[in-house]
Amino acid sequence: MANERHIPVLLEETMAALAVKPGGRYVDGTLGRAGHARAVVERGGTVLGIDRDDQALAEVAAMGLDGIVAVKGEHADLKALANAHGWEKVDGILLDLGVSSPQLDDAERGFSFLRDGPLDMRMDPSRGKSAADVVNESSADELRRIFREYGEEQQASRIANGIVRERAHKSFSTTKDLADFIERLVGRHGGHHPATRVFQALRMEVNDEMGQLQRALEGGMGLLAPGGRFAVITFESLTDRVVKRFFAAHVGKMESLIQGGEKWVGELPRALAVSKRAITAGEREISENPRSRSAKLRAIEIEREVAA
């Protein structure tokens, strides 16, 4: 099976960051095709895998993997899902954010402008608005906000206004419709397609990725046992900044006191940084899997003892 040969991004680095131990319990909030989860099981751990993509869950079920319990859900609800499974505390949590390679490769899912297909982008196609709904129904102001906030698109206003003008004559229904229109509107400069940031922004909006991430981070901190580790892989600067700031707040810092001495200041539960900087892929992995070029892994460990 093709997905059995797939090697997930930063696999060995992620296993080291999680410090997987035999008998440990781990939550994979973005199960996908279970590449990371399988590696956890091979090291003696048990995994509760969460995904909202029915196709991914069906493929994992067909693998018949022992040690992985796959459930449909959103990683924003990982604490509640783990508790419902009888896990009050866990030894590690993993989030591998963004779109999986199988999702990108499936034109019918509408995630990529490299393959013409319906303008959908929903991780769970049975729920919520599609990207076409957002593009064809949102006001120019709302589209501008989406493109700026989630895509950091410098030409957000021009693209939003252009979309509103264009859809008055014909609705956008496919990935090619939208990508070709943006290219005609703003031109092509440099190596990246001019629709790249817009597609990223629409995907994040459709799937509430930023809200999902924030709730997953907050819920995960309440689920980890002392000594438990939280690892997150990101592919966009926007999500990486959120993870970096959240983890830094729990690592905290020491501040000097006027009367002498110092005290720790930060968010509870207190944590330790697993590495000082984000972990990135090496040249060999990048050559074998170009998608890993933008991947960044950050991890923290919950303090084993409460500070006095």
Side-chain angles (χ1 to χ4, degrees), residues 1-22 24 26-45 47 49 51 53 55-56 59-60 63 65 67-68 75 91-107 109 111-115 123 152 190-193 196-197 199-200 203 209 213 229-244 247-248 272-301:
M1 200 182 276
N3 54 5
E4 288 189 14
R5 292 192 295 271
H6 171 68
I7 300 175
V9 170
L10 295 170
L11 179 60
E12 293 303 324
E13 294 87 345
T14 300
M15 293 304 103
L18 286 172
V20 178
K21 60 184 181 181
Y26 300 86
V27 173
D28 186 340
T30 46
L31 180 62
R33 271 61 182 180
H36 289 107
R38 180 174 359 197
V40 171
V41 171
E42 289 171 352
R43 289 161 174 76
V47 177
D51 210 296
D53 187 330
Q55 185 176 337
E59 290 188 24
V60 172
M63 295 176 193
L65 301 172
I68 301 175
H75 55 262
D91 299 292
I93 298 171
L94 171 64
L95 299 177
D96 180 5
L97 304 174
V99 187
S100 69
S101 295
Q103 288 171 328
L104 285 171
D105 293 339
D106 185 351
R109 301 300 297 273
F111 284 106
S112 173
F113 49 77
L114 298 178
R115 294 169 176 80
M123 299 288 187
E152 301 179 299
H192 293 289
H193 193 287
T196 300
R197 292 182 180 276
F199 270 65
Q200 173 185 309
R203 190 201 78 219
E209 290 186 29
L213 174 57
R229 292 193 172 190
F230 204 149
V232 183
I233 301 171
T234 62
F235 292 87
E236 297 102 4
S237 59
L238 189 63
T239 47
D240 179 60
R241 285 198 299 271
V242 171
V243 175
K244 180 180 179 180
F247 282 179
L272 303 172
V274 171
S275 63
K276 291 183 177 180
R277 296 181 179 85
I279 299 169
T280 57
E283 291 183 6
R284 180 175 178 180
E285 179 171 2
I286 292 172
S287 67
E288 295 175 351
N289 179 12
R291 182 172 177 259
S292 68
R293 182 182 303 277
S294 58
K296 289 185 177 181
L297 168 64
R298 297 185 187 274
I300 55 173
E301 178 181 306

Got a second to check how far [X]'s [atom1] is from [Y]'s [atom2], nearest 0.5 Å?
| X | Y | atom1 | atom2 | answer |
| --- | --- | --- | --- | --- |
| Arg293 | Ser287 | CZ | OG | 9.5 Å |
| Arg33 | Arg38 | CZ | CZ | 12.0 Å |
| Thr234 | Lys244 | OG1 | NZ | 11.0 Å |
| Thr14 | Asp96 | OG1 | CG | 7.5 Å |

Any side-chain heavy atom of [X] sitting closer than 4.5 Å to one from [Y]?
| X | Y | answer |
| --- | --- | --- |
| Leu94 | Val27 | no |
| Glu209 | Leu97 | no |
| Leu272 | Ile300 | no |
| Val232 | Leu297 | no |
| Val20 | Tyr26 | yes |
| Glu285 | Leu11 | no |

The side-chain hydrogen bond (donor to acceptor under 3.5 Å, both in side chains) partners of Glu301 (sequence neighbours excluded) come to Arg229, Arg304

Taken in chain and number order and not counting sequence neighbours, the residues that satisfy salt bridge (Lys or Arg N to Asp or Glu O under 4.0 Å) with Asp91 are Lys21

Taken in chain and number order and not counting sequence neighbours, the residues that satisfy salt bridge (Lys or Arg N to Asp or Glu O under 4.0 Å) with Arg241 are Glu152

Would you call [X] and [Y] a salt bridge, using N to O less than 4.0 angstrom?
| X | Y | answer |
| --- | --- | --- |
| Glu288 | Arg284 | yes |
| Glu13 | Arg298 | no |
| Glu236 | Lys296 | no |

Sequence neighbours left out, cut at 3.5 Å: what donor-acceptor pairs do the side chains of residues 273-281 make with other protein atoms?
from   : atom 1 : to     : atom 2 : distance (Å)
Ser275 : OG     : Arg277 : O      : 2.8

Grab the two heavy atoms, one from [X] and one from [Y], that are nearest each other, plus how far apart they are.
| X | Y | result |
| --- | --- | --- |
| Leu31 | Asp51 | N-OD2, 3.5 Å |
| Ala17 | Ala299 | CB-CB, 3.9 Å |
| Ala56 | Gly32 | CB-O, 3.7 Å |
| Leu65 | Ala34 | CD1-CB, 4.2 Å |

With sequence neighbours left out, the residues meeting ring pair (Phe, Tyr, Trp, His ring centres under 6.0 Å) with Phe247 are Phe230

Sequence neighbours excluded, the answer for side-chain contact (heavy atoms from CB on, under 4.5 Å) partners of Ala295 is Val9, Leu10, Ile233, Phe235

Of Asp28, Leu18, Thr30, the one forming a side chain to side chain contact (heavy atoms under 4.5 Å, CB included) with His36 is Asp28

Exercise for review: Could you go through the side-chain contact (heavy atoms from CB on, under 4.5 Å) check for Leu213 and Thr239 one step at a time?
Suggested key: CA-CA 8 Å; Leu213 174 57; Thr239 47; 4.1 Å; yes

